[in-house]
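Notes for the one structure printed next.
Because only heavy atoms are used, hydrogens play no part in the values below, and waters and symmetry mates are left out as well, while side chains stay in.
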Amino acid sequence: MFLTISRLNLKAGSEAAAKELIEKNLKPEDGKKPSEVVPGLIGFGVMRAKKDPNTYGVATVWENEAAFDAMASNPNAKTGGGFVAKLQELCADKIQGEGFYIEGIA
């Protein structure tokens, strides 16, 4: 499996708008599983930092790195249909992300 984690440092006062945008775009209301919408996507999670309420994390879990690469190579993936650009406007700095190989889960 392959995991990505993105760190979002939100502008003060934009927390509610960011949370609404994230939930609208990441929580399907039609009851579908993530893999039914995006091939290879197992799931995702949204986290808020304990020490800084303006810092969020978004994690995605993929069947493998190839599934992530296939999604990332889609020209629309970088904009997320405008989602990424809208989210970036609510951030104090650049969204940072990194990929990890999951070597084991206990």
Side-chain angles (χ1 to χ4, degrees):
M1 287 188 285
F2 189 69
L3 169 78
T4 66
I5 299 177
S6 297
R7 182 183 178 99
L8 317 171
N9 220 354
L10 301 176
K11 294 176 186 173
S14 67
E15 302 87 7
K19 185 175 180 179
E20 181 181 337
L21 181 66
I22 290 168
E23 287 179 357
K24 178 182 175 189
N25 284 273
L26 295 182
K27 290 185 179 178
E29 296 177 5
D30 57 8
K32 290 183 180 179
K33 294 178 182 177
S35 61
E36 293 175 314
V37 178
V38 180
L41 177 62
I42 294 172
F44 57 87
V46 179
M47 304 154 285
R48 184 173 46 88
K50 178 180 176 180
K51 293 182 180 180
D52 182 358
N54 292 338
T55 300
Y56 279 76
V58 178
T60 60
V61 180
W62 300 84
E63 290 175 359
N64 51 47
E65 187 177 8
F68 172 78
D69 289 343
M71 179 281 305
S73 67
N74 178 331
N76 295 324
K78 295 201 184 315
T79 65
F83 167 66
V84 174
K86 290 175 187 173
L87 189 57
Q88 183 64 66
E89 290 175 9
L90 299 171
C91 292
D93 50 25
K94 185 178 178 190
I95 297 172
Q96 297 180 6
E98 188 167 349
F100 299 86
Y101 298 106
I102 299 175
E103 296 186 356
I105 297 176

[atom1]/[X] to [atom2]/[Y] distance, rounded to the nearest 0.5 angstrom?
X: Glu98; Y: Leu3; atom1: CD; atom2: CG; result: 10.0 Å
X: Leu87; Y: Leu10; atom1: CG; atom2: CG; result: 7.0 Å
X: Ser6; Y: Lys94; atom1: OG; atom2: NZ; result: 11.0 Å
X: Leu90; Y: Lys19; atom1: CG; atom2: NZ; result: 14.5 Å
X: Arg48; Y: Thr55; atom1: CZ; atom2: OG1; result: 10.5 Å

query = Do any N or O atoms from the side chain of Gln88 and from the backbone of Lys86 form a donor-acceptor pair under 3.5 angstrom?
reply = no

message = Side-chain heavy atoms nearer than 4.5 Å, only ILVMFWY residues, links allowed to pass through others: does that put Leu8 and Met47 together?
response = no

Option from Phe100, Tyr101, Phe44, Phe2 for which ring pair (Phe, Tyr, Trp, His ring centres under 6.0 Å) with Phe68 holds = Phe2

Nearest non-hydrogen partners of [X] and [Y], listed with the distance:
X: Ala67; Y: Gly40; answer: CB-CA, 3.8 Å
X: Glu89; Y: Lys11; answer: O-NZ, 2.8 Å
X: Gly43; Y: Pro34; answer: CA-CG, 4.0 Å
X: Glu15; Y: Ala12; answer: OE2-CA, 3.7 Å
X: Ala70; Y: Ser73; answer: O-OG, 2.9 Å

ask   = Do other residues, nucleotides or ligands put more than 12 heavy atoms under 6.0 Å from Gln96 CD?
value = no

Evaluate the side-chain proximity of [Y] to [X]: yes if any heavy-atom separation is below 4.5 Å, no if none is.
X: Thr60; Y: Val38; value: no
X: Asn9; Y: Asp52; value: yes
X: Trp62; Y: Leu41; value: yes

